[in-house]
Amino acid sequence: MGPKLADSVDGLRAAGNQSFRNGQFAEATVLYSRALRMLQAQGCSNPEEESILFSNRAACHLKDGNCRDCIKDCTSALALMPFSMKPLLRRASAYEALEKYPLAYVDYRTVLQIDDRVASALDGISRMTRALVDSLGPEWRLKLPAVPLVPVTAQKRWDSVPLEYHKEKAKRKFRETTTSKGRVSSAGDVERARVLKEEGNELVKKGNHKKAIEKYSESLSFSDMESATYSNRALCHLALKQYKEAVRDCTEALRRDGKNVKALYRRAQAYKALKDYKSSLADISSLLQLEPRNGPARRLQQEVKQSLN
């Protein structure tokens, strides 16, 4: 037995939410539709509430495999409240299910402009990159629709994701921007991080990769804003055959500097070692777009292609 129908927009939305939680997606769709009709009949402008209802109904369509109506409702939600995260993510999932990879890529990339730590968007970008390389070839980036520029006001908006996400995000942000003494990284911290990174570099030259990892990790505890520190630590992980750790560090490096050629090359090496050849080729392709004459990357590309054959 479903929840008792309410006679208000808020009541219908709450009933729809309960049906959704119970896995009754068709019933939830009906309730959200009734709430939308009631809201529109009232004639008062409430774009945020209307956008939420469209987005919620889109979630039901997505659960039922109705990707086209999901896209339609997400687009309506975004017309009312541009750059809302939930409809962007739901529309990206629907586009992906329909194999409309360029459009899915654009929506995932837009989400990452709003918040670059959304795991589902990061995973989606990784999947879309591999799919686009396979379908469009090495020049795939040139064949994509334009990614909209997200205004700063939307980047700072917190109402589009669950409170639990924000609590966890705030904890991560605090850990990342403070030192072990609980202070925000100062100019002295940044200088200390630089010195430790240089000490790590000297240890790498001597072949002492384990000690170098310790130095780089200590450097990052003072300031984690420099891309090179992560890509240097990734080199050490590669030398020690710690390939998953190398991938993780290269990914962190690329979040800070998407044009870090060393991070792209080292992640491609790590993916190759992990036998994730498609991901390796995707990174090499991105690297060669930045440096078309990069000899080591071209040689690695040939090796990976041979492994696929």
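It should be emphasised that the depicted structure is a prediction, and the values quoted were computed from it without experimental measurement. Just so it is clear, the values below take in all heavy atoms, side chains as well, and ignore hydrogens, waters and symmetry mates. Positions are given from 1 along the sequence.
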Interatomic distance, Met38 atom CE to Leu12 atom CG [nearest 0.5 angstrom]: 5.0 Å

Pairs flagged by ring pair (Phe, Tyr, Trp, His ring centres under 6.0 Å) wherever residues 84-130 is involved - sequence neighbours left out: Tyr105-Trp140

Rounded distance [0.5 Å steps], CG in Leu132 versus CG in Leu144: 6.0 Å

Atom NZ of Lys259 with >12 non-hydrogen neighbours under 6.0 angstrom: no

Polar side chain donor-acceptor pair, Arg21 to Gln18, under 3.5 angstrom: yes

Closest non-hydrogen atom pair, Ala26 against Asp64: N-OD2, 3.9 Å

Closest approach of Ala94 to Cys70 (non-hydrogen atoms, all atoms of both residues): CB-SG, 4.0 Å

Of all pairs that satisfy ring pair (Phe, Tyr, Trp, His ring centres under 6.0 Å), the ones with a partner from residues 236-283, not counting sequence neighbours: none

From OG (Ser219) to CD (Glu214), nearest 0.5 Å: 13.5 Å

Close side-chain approach of Ser93 and Leu62, heavy atoms under 4.5 Å: yes

Steps toward side-chain hydrogen bond (donor to acceptor under 3.5 Å, both in side chains) verdict (Ser33, Arg37): CA-CA 6 Å; Ser33 297; Arg37 288 195 299 271; 4.9 Å; no

Heavy-atom side-chain contact between Gln269 and Lys272 under 4.5 Å: no

Closest non-hydrogen atom pair, Arg13 against Ala35: N-CB, 4.4 Å

Derivation and outcome, side-chain contact (heavy atoms from CB on, under 4.5 Å), residues Cys250 and Leu264: CA-CA 7 Å; Cys250 289; Leu264 283 167; over 6 Å; no

Pair Asp73-Tyr32, side-chain donor/acceptor within less than 3.5 Å: no

Inter-residue atom distance Lys86.NZ - Ser51.OG, 0.5 Å rounding: 11.0 Å

Heavy-atom closest pair, residues Pro47 and Leu80: O-CB, 3.8 Å

Arg266, Lys262, Arg267, Lys278 screened by salt bridge (charged side-chain N to carboxylate O under 4.0 Å, His left out) with Asp283, the one that passes: Arg267

Minimum heavy-atom distance between Ala253 and Ala263, given as atom pair plus value: CB-CB, 3.8 Å

Derivation and outcome, side-chain contact (heavy atoms from CB on, under 4.5 Å), residues Asp249 and Ser231: CA-CA 6 Å; Asp249 271 352; Ser231 57; over 6 Å; no

Derivation of the salt bridge (charged side-chain N to carboxylate O under 4.0 Å, His left out) call for Glu226 and Arg256: CA-CA 7 Å; Glu226 189 167 347; Arg256 288 154 180 79; over 6 Å; no

Donor-acceptor under 3.5 Å (Glu252 side chain, Tyr230 main chain): no

Flag for Arg255-Thr251: side-chain donor and acceptor within less than 3.5 Å: no

Polar side chain donor-acceptor pair, Glu49 to Asn46, under 3.5 angstrom: no

Distance in Å, Lys143 NZ paired with Leu136 CG, rounded so as to fall on 0.5 Å steps: 5.5 Å

Ala212 backbone acceptor or donor facing Glu202 side chain under 3.5 Å: no

Residue pair Leu240 / Glu245, side-chain heavy-atom distance below 4.5 Å: no

Test item: Val106 and Pro148 side chains (from C-beta on) under 4.5 Å apart, heavy atoms: yes

Backbone of Ala121 reached by a side-chain donor or acceptor of Arg109 within 3.5 Å: no

Distance in Å, Leu203 CG paired with Lys215 NZ, rounded so as to fall on 0.5 Å steps: 7.0 Å

Check: Pro87 main-chain N/O paired with Ser84 side-chain donor or acceptor under 3.5 Å: no

Exercise: do Ser286 and Arg141 side chains pair donor with acceptor under 3.5 Å: yes

Flag side-chain contact, heavy atom, 4.5 Å: Val204 against Asn232: no

Side-chain heavy-atom pair Asp115, Val118 within 4.5 angstrom cut-off: yes

Chi angles and distances behind the side-chain contact (heavy atoms from CB on, under 4.5 Å) call for Leu287, Asn294: CA-CA 8 Å; Leu287 190 163; Asn294 189 305; 3.6 Å; yes

pair Leu196-Tyr216: side-chain heavy atoms closer than 4.5 Å: no

Test log, rule side-chain contact (heavy atoms from CB on, under 4.5 Å), inputs Gln42 and Val9: CA-CA 10 Å; Gln42 289 172 358; Val9 172; 3.9 Å; yes

Contact check, side chains of Ser217 and Ile213, non-hydrogen atoms, under 4.5 Å: yes

Least distance between heavy atoms, Leu288 atom then Ala297 atom: CD2-CB, 3.9 Å

Sidechain-backbone polar pair: Ser126 side chain, Leu122 backbone, donor-acceptor under 3.5 Å: no

